[in-house]
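Notes follow the structure.
Proteins get letters first, then strands, A, B, ... in listed order; numbering begins at 1 in each.
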Protein chains: 2
Amino acid sequence: MSRTYSIRDLADEFDITTRTIRFYEAEGMLNPQREGQTRIYTPQDRITLKLILRGKRLGLSLAESRELIDMYRPGLEPEANRPQLEKLLAVIEQRRSHLRQQLHDIERMMQDLDDAELKASEALAALTGA
Amino acid sequence: MSRTYSIRDLADEFDITTRTIRFYEAEGMLNPQREGQTRIYTPQDRITLKLILRGKRLGLSLAESRELIDMYRPGLEPEANRPQLEKLLAVIEQRRSHLRQQLHDIERMMQDLDDAELKASEALAALTGA
DNA sequence: AGTTACCTTTACGTTAACGTAAACCAATAT
DNA sequence: ATATTGGTTTACGTTAACGTAAAGGTAACT
């Protein structure tokens with residue numbers, strides 16, 4: 001008897017529209033139960049949604065997020081065959097390298113922002129003091 | 001007599017198409033000189049392009065990148081008035097907070113990837129050893 | 001002269017990720 | 001009874017960031 005969520009619960013919690021949530025479902029990323037017409041979401045659905053949004057914040061496409069998320073769904077058993085697993089490992093490495101690049105970019109940009117902030121506040125101080 | 005670049009030089013160096021570079025110009029982010037019809041890029045143009053692409057890797061829109069880049073163009077003098085500077089500082093703080101969120105997301109995702117990799121390679125090892 | 005290799009402009013096409021609107025049930029409040 | 005609230009489907013609209021194609025200019029080989 002674990003908790004469930006309405007579409008509005010989730011929309012409010014994650015600050016997205018219900019349209020967005022239905023869209024993800026249409027894309028096959030969510031499969032809520034139904035109570036009549038109405039959608040009912042489980043905690044698992046909620047986590048999936050969370051993962052999608054995290055991917056989004058990192059600039060992943062929905063297709064990419066789906067790849068990553070599908071990795072985590074315990075595939076019932078080690079039914080996954082070797083080529084599948086090897087491809088999966090490759091995808092992981094590729095993603096990891098992308099993230100490393102992003103980390104690097106962020107460091108550089110943080111540095112630039114520091115510089116810009118310094119200059120700006122100096123200029124502001126000059127005005128204020130004048 | 002500092003170096004200059006052709007549109008192809010830059011396209012090749014950054015692995016983008018010439019169409020993309022002309023598009024950025026049409027958006028007002030680049031203003032190369034002309035030699036007749038042909039575009040000639042300065043080292044400064046090259047840096048601007050680099051910044052655009054870095055922003056892109058971080059998921060910034062062109063408009064956002066433009067904001068950031070315009071900050072760095074030394075505005076001829078402290079011609080910038082106070083409201084401008086204050087807005088600039090606000091933008092910086094907002095961007096910084098966004099980057100912090102991304103850093104956090106990246107850490108979580110790296111962790112998840114570690115887990116996934118472990119499971120995958122274990123499963124693979126099980127198959128290989130069988 | 002012809003062709004190859006770049007460059008140019010102009011303009012329509014494309015994809016992802018939703019927004020927005022219409023038209024409709026179903027339960028609750030008044 | 002009806003009005004409000006919140007759910008539903010269906011379907012067309014929108015924006016960003018280019019892709020792609022057409023049509024043409026110019027310089028350099030051959």
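Counting any heavy atom pair closer than 4.0 Å across all strands shown, B/T17 reaches sugar-phosphate atoms only and no base atom. Among the atoms of the strands shown, only primed sugar atoms or phosphate atoms (P, OP1, OP2) are found under 4.0 Å from some heavy atom of A/S61.
We find that B/E25 and B/R22 are not joined by a salt bridge, their nearest charged nitrogen and carboxylate oxygen being 4.0 Å or further apart. The pair A/D105-B/R57 meets the salt-bridge criterion, with a side-chain N (NZ, NE, NH1 or NH2) lying under 4.0 Å from an Asp/Glu carboxylate O. By the 4.0 Å N-to-carboxylate-O rule, B/E107 lies too far from B/R100 to be salt-bridged with it.
Among all heavy-atom pairs drawn from B/Q102 and A/L58, the shortest one is O-CD2, 3.8 Å. For the residue pair A/L60 and A/S65, the shortest heavy atom distance occurs at CB-OG, 3.8 Å.
Note: CZ (B/R19) to P (D/dA22) measures 16 Å, nearest angstrom. In this entry the distance linking CZ of B/R39 with P of D/dT26 reads 16 Å, nearest Å. In this entry the distance linking CZ of A/R34 with P of D/dG7 reads 13 Å, nearest Å. Protein atom CZ of A/R8 is 13 Å distant from nucleotide atom P of D/dT5, rounded to whole Å.
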Go through the steps for B/D112 and A/R54 under the test side-chain contact (heavy atoms from CB on, under 4.5 Å), then give the verdict. CA-CA 12 Å; B/D112 290 351; A/R54 191 159 84 202; 2.3 Å; yes

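Contact footprint of chain B on DNA chain C: nucleotides with an atom under 4.0 Å from a non-hydrogen protein atom, first to last in 5' to 3' order, C/dC7 to C/dA11.
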